[in-house]
Amino acid sequence: PTMPVTAAAAPPVTAGDAPGSAPPTLHLITWDIDGTLLRATGDRANALHRSSFTRAWETVLGRALDLASIPHQGSTDPLILIKGAVSAGLAECAADLMGQPQVGGASAVTPPTADPASPLAKMVEEMLAYFEAGAATVADGLELLPGVADLLAALAAREDVLVGLVTGNLAPIAYGKVKALGVASAFTPGIGGFGSDHCSGNWEEPWHDRAELVRIAVTKAGASLAGGPHAGRPLRVAHLGDTPFDCLAAAAAGATPVGVATGVHSRTDLEGAVPGVVVLDDLSDTAAALRALGL
């Protein structure tokens, strides 16, 4: 699927282009992080991020919960905070934690901090403060998955590709991870969708929020391109993810879903999420990954 980028000016005619020909397509490739780009490993598997949830629940709600006891794969950080609190009986429903977001309409993008006085906003703040305080240990228990570095390098070498993160991680946590693992420069600045961008409160169907994050990434890409040399070029979007929720979200947002069976979900799980979805066992074959992404 392609999405038009709002143009401030007509794109320049380049060598080989006939006057009046359609502008060439740009490709936005978005990546999930946990289970897709990296894996947690060892005794301190993703320790800083995991413990930041416990810190948030304990500080704001008065009870330390164990993230391992809460099914959370494919969710977003704010929805995990809500799910943990409701499941443990610390709140009756998401609305109790989200407060009164000062935004318009039920369909509006709603950051988890939209109501700064809400318990959810305070938990997000605690998570980020804890993560920032432990920044030196971000990489503990994390490693890039096979083929990721090579695929990122191949994408970076192309002039027709933008690369962004679309992840349930809060943005500072997402960028902290890719920086700690040495691949932050592979991602186009300012383009992405993060758990800190939107939270509906619907923790039972987190793919809806993830679809909104894909849309947010597309919006950011359009804003970044407007008025520049690529303005007016159609934007085709593909999303890499390791959970059925990633695949569902991509399809709902009009992007091409590409499943990667490097997380806790099997190839069968991913193939059953969306009809016809391409699923890779891993990203070790760069050429195969590029083909799956439509490149």
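Worth knowing before you read on, the calculation uses all heavy atoms, side chains too, and leaves out hydrogens, waters and symmetry mates.
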Checklist entry - Mind checking whether F187 and L283 sit in one hydrophobic cluster, side chains of I, L, V, M, F, W, Y counted as touching below 4.5 Å? => result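 The answer is yes; both residues are in one hydrophobic cluster.
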
Closest non-hydrogen atom pair between [X] and [Y], with its separation:
X: G192; Y: I216; value: O-CG2, 3.9 Å
X: A249; Y: W207; value: CB-O, 3.6 Å
X: L65; Y: A88; value: CD2-CB, 3.8 Å
X: L290; Y: A154; value: CD1-CB, 4.3 Å

Next on the checklist: Among T243, D246, T167, exactly one meets side-chain hydrogen bond (donor to acceptor under 3.5 Å, both in side chains) together with R210. Which residue is that?
Outcome noted: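 Single pass found, and it is D246.
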
Next on the checklist: Given 3.5 Å as the limit, does a donor-acceptor pair link the side chain of S52 with the main chain of F131, or not?
Outcome noted: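 A pair under 3.5 Å: no.
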
Next on the checklist: Check whether W57 reaches the backbone of L81 with its side chain - one donor and one acceptor, N or O, closer than 3.5 Å.
Outcome noted: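 Yes; at least one donor-acceptor contact below 3.5 Å.
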
Checklist entry - Which value, rounded to the nearest 0.5 Å, describes the distance between L165 atom CG and T30 atom OG1? => result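 Here the rounded value is 9.0 Å.
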
Is the shortest side-chain N to carboxylate O distance from [X] to [Y] below 4.0 Å?
X: R233; Y: D160; value: no
X: E125; Y: K122; value: no
X: R39; Y: D282; value: no

Item to check | is_close_aromatic(F194, Y175), centroid dist under 6.0 Å | outcome: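 Between F194 and Y175, the centre distance is under 6.0 Å.
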
Next on the checklist: Can you pull out every salt bridge (Lys or Arg N to Asp or Glu O under 4.0 Å) where at least one residue sits in residues 249-274? Sequence neighbours excluded, please.
Outcome noted: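 For residues 249-274, and leaving out neighbouring residues, the salt bridge (Lys or Arg N to Asp or Glu O under 4.0 Å) pairs sorted by first residue read R267-E271, R267-D281.
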
Checklist entry - Does A121 have any side chain to side chain contact (heavy atoms under 4.5 Å, CB included) partners at least two apart in sequence or in another chain, and if so, which? => result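 Applying side chain to side chain contact (heavy atoms under 4.5 Å, CB included) to A121 gives T113, S118.
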
Next on the checklist: With side-chain hydrogen bond (donor to acceptor under 3.5 Å, both in side chains) as the criterion, how do D242 and T262 come out once you've worked through the C-alpha distance, each side chain's angles and the decisive distance to 0.1 Å?
Outcome noted: CA-CA 6 Å; D242 68 293; T262 45; 5.8 Å; no

